[in-house]
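A short worksheet on the structure shown next.
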Amino acid sequence: MSSGPSLESPPSPHEARLEGLLAGLNVPQRDAVTHGEGPLLILAGAGSGKTRVLTHRIAYLIFSGRARPHEILAITFTNKAAGEMRGRVERLLSGHTRGMWLSTFHSACARILRAHAERLGYTKQFTIYDQADARRLAKRSMEELGVDPKRYTPAAVQNRISQAKNLLLDAEDYRSLGGGHFEQIVADVYGVYERELERANAMDFDDLLLLTVKLMERHPDVRRFYADSFRHVLVDEYQDTNHAQYRLLQLLVGGGAGAPEGAEGSPGGAGERPQERPHRNLAVVGDDAQSVFGFRGADVRNILDFQKDFPDSTVVKLEQNYRSTQTILRAANALIANNRGGMPKELWSELGDGEPIQVSELDDEHAEARFVVGEVERLMSSGVPRREIAIFYRTNAMSRVIEDALVRRELAYQVIGAAKFYDRAEVKDAVAYLSLLANPRDVLSFTRIANTPRRGIGQTSLARVLAHAASLDESVWDAAAEPERVPGLTAAAVRALRSFMDTMAELRERAAGPVAVADLLGAVLSDSGYVRALEAEDTIEAEGRIENLEQLLEVAREFDASAEAGEDTLDAFLQQVALTASADQLGQPGAPPGEEDGLAGMGEDDQGVLTLMTLHNAKGTEFPHVFITGCEDGVIPHSRALEEGGLEEERRLFYVGVTRAMRELYLSSARRRAMYGTGVYGLRSRFLDEIPEELTTGSETRGRLGGGPLGALGGAGMSFRTGSAGAWQAASGGAAERRGAGAVQFRVGEDVVHGSFGEGVVTSLQGDGVIVVRFASDGSERTLLAEYANLSRG
DNA sequence: ATCCTGATTTTTTTT
DNA sequence: AAATCAGGAT
């Protein structure tokens, strides 16, 4: 209306900016973005544009003058999500995000803890132990207590400790809960475990949350500092928050159930500035139907009870879906309707019915993989770029078979989540060196690297050093630095230790100065003899390790380049590494797929690559074409989850998978699937039956055994045992592999494994069963008789 | 101290 | 099937 020349003052650039921000948003989205002060609950169904709402709300807060960048704390679930959000906010604000906190709970907590570590008896160089470290420490604590690791596995105990921490319970709290024999054992281990963490100046993932809460509870001034500083707190994926995170939010924004404001703010309270008014500017976004992290302490009640916690909260419901066809949404709605409780929501879209959902049942996981890959190729030949296709599965282990099939067809792909770069042994070793340099009390890192590479410091000597350090209550570093004082060490061990520690001391001096992390890492790798030892191995694997270390150096270089001057770069680097999750993906999407370079690395064009990931990692993503594999009872309602009564969470997980699909959805299952090396027969997932039939299409009978004469299978199909090698694999293969009777058929480019030469690839077929194989172990090419050589598919 | 071998366990999902 | 672990030989 106000366009054109007007007597009224034209909209100021400021107003225009605000208008632009709201353009294209629907009514509830707009309400959420423009909501002023006070608690806000945004119930955002799948695909309803919640990230858009979050980013626009942040921009709105700033444009409207309600907040300045440094007054905003926005929490996401993964670093990747945080990075994406930062990018989008930056675009909206044309770069004005300086000082804004946009991170995960864990990263934000680590940052806060580093600033106040001394208050909790830590130094700011504290080490962050990941789950594997935590498990090792739990194991050691159990050994110290003489707990039988057969009866109780360290993993189970660590799990319980983690749960306790998520509930903000310390060892004594946990003990006083009562519980059975196991719980008492856990309480014992928890106590020792905690003591060891403190001695090591280390924190596990859960501590980051727990200790931040503790810090703020014990030190009101610290709490007040952050509460004042973050005028607006926004939380994504609120349905996946656990109790510790919930509590932390209460401490930051005030109010809510169980918050101490009543006591503190009331006259006669703690006596410190009783007039403090909590701002309660908390905006949370979530969907109870997508709560899938219960196993790690997430509590759906946080979102379900939000209105109880904040009776005056504003609630906005986003139900219009901008992602999927109605067919997909109807399936999703029908599926989730089988869960009881939860907030009623009905997703709808304007995108029309689209294609029916394809349901397929295959013989086994190999047939399933071939089927999926075949469909992928069909899609691609009809012009669909690779990046628009995703394949989901329940467990990481399931990716392998699919990857094999993809490599065989030379399709470029990326696996999100698995292939954890930071989990590689050599990378962990290198990081452990740096950790020890930063934190001389870091026992776990010390034990990891003291004899890596081999330098004559064996288990026994190591144990003696640790015991000595413990008895004098000094750091491992100090104990090891004077090996002659350690009782019981052999002369050789003393010599080896001294030489090792001399090197470390030199490195430490370097670390103390203003040194680039990459330079320090380079010095570590050469001075420690680590790279030399790898070079001496002179194997393909060692070469790969060296390449990985090269890559780590590159990461360090990038870090150095972006680090701010005067920062404790080593500490910051270690923190980043510790908190970079596997799902955050080192190489950005679009990078050539790692893995078997060459074969899969054909993604040079602008097609991007296929994406493989677990259903858990799928949350927050969307793809035009989605495959969900392993739709079998025991896999998708996972058997372990069923035992623990987690059916509804499994259903939500499946729901998450279904709602990722924009246009086409494929659901596949296998009648028979190998687990732990032997075959297991499964039933199709009960979730498939919860999808209305009229929405689906597909043959239940697709991929029947062999397809050809029944006899082809013979007795081999019954013995679903590997070991006796490719027998049934050949027999149950699809049409492409159905050729000769009995003998295994190979194709050029196929991966094979030989009984004594190991892995190789078929380079040519000479006819009459004569094939040529190049072996990876030594690069040799050998001519073999397929029938007699001890060969099987890789 | 180190290497080798056979037994046992693993697979739920992740910050 | 793969990886980790314990025990034993060198």
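With ring centers used as reference points, A:Tyr152 lies under 6.0 Å from A:Phe182.
For the atom pair CG (A:Leu215) and OH (A:Tyr122), the distance works out to 12.0 Å, reported to the nearest 0.5 Å. Taking CE of A:Met613 as the reference point, atom OG of A:Ser399 lies at 12.5 Å (rounded to 0.5 Å).
The nearest whole Å value for the distance from the CG atom in A:Asp133 to the P atom in B:dT14 is 18 Å. Remark: C1' of B:dT14 and CG of A:Asp204 are 14 Å apart, rounded to the nearest angstrom. The separation between A:Glu143 atom CD and C:dC5 atom P is 10 Å, rounded to whole Å. If you take CE of A:Met613 and P of B:dT14, they are 11 Å apart, rounded to a whole angstrom. Computed from coordinates, the A:Gln163 CD to B:dT15 C1' distance equals 15 Å when rounded to whole Å. Separating the CZ atom of A:Arg673 from the P atom of C:dA1 is a distance of 16 Å, rounded to the nearest angstrom. Taking atom CE on A:Met398 and atom P on C:dA1, their separation rounds to 18 Å, with Å as the unit. Here B:dT14 presents its P atom at 16 Å from CG of A:Leu579, a figure rounded to the nearest Å.
A:Asn339 places no side-chain N or O within 3.5 Å of a backbone atom of A:Ile336 that could act as its donor or acceptor partner.
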Could you list all N or O pairs between the protein and nucleotides 1-7 of chain B that sit under 3.5 Å apart?
unit_1: B:dA1; atom_1: OP1; unit_2: A:Gly458; atom_2: N; d: 3.3
unit_1: B:dA1; atom_1: OP1; unit_2: A:Ser461; atom_2: OG; d: 2.7
unit_1: B:dA1; atom_1: OP2; unit_2: A:Thr460; atom_2: OG1; d: 2.9
unit_1: B:dT2; atom_1: OP1; unit_2: A:Gly456; atom_2: N; d: 3.2
unit_1: B:dT2; atom_1: OP2; unit_2: A:Asn451; atom_2: ND2; d: 3.1
unit_1: B:dC3; atom_1: OP2; unit_2: A:Arg454; atom_2: NH1; d: 2.9

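Ring-plane geometry between A:His106 and A:Phe205 is classed as perpendicular, the angle between the planes exceeding 60 degrees on a 0 to 90 degree scale with a lower cut at 30.
Between B:dT12 and C:dC5, the two C1' atoms lie 23 Å apart (nearest whole Å).
A salt bridge does not link A:Asp288 to A:Arg652: none of the charged nitrogens lies less than 4.0 Å from a carboxylate oxygen.
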After noting the C-alpha distance and the side-chain angles of A:Tyr129 and A:Asp442, does the key distance pass the side-chain hydrogen bond (donor to acceptor under 3.5 Å, both in side chains) rule?
-> CA-CA 10 Å; A:Tyr129 284 167; A:Asp442 184 349; 2.5 Å; yes
Report the C-alpha distance between A:Asp299 and A:Tyr246 in whole Å, list the side-chain angles of each, state the deciding distance to 0.1 Å, and finish with yes or no for side-chain hydrogen bond (donor to acceptor under 3.5 Å, both in side chains).
-> CA-CA 9 Å; A:Asp299 191 345; A:Tyr246 169 83; over 6 Å; no
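In summary, the side chains of A:Asp206 and A:Ser162 do present a donor paired with an acceptor at a separation below 3.5 Å, with no hydrogens or angles considered.
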Encode nucleotides 8-13 of chain B as B, S and - characters from 5' to 3', where the letter depends on protein heavy atoms closer than 4.0 Å: B to the base, S only to sugar-phosphate, - to neither.
-> --BBBB
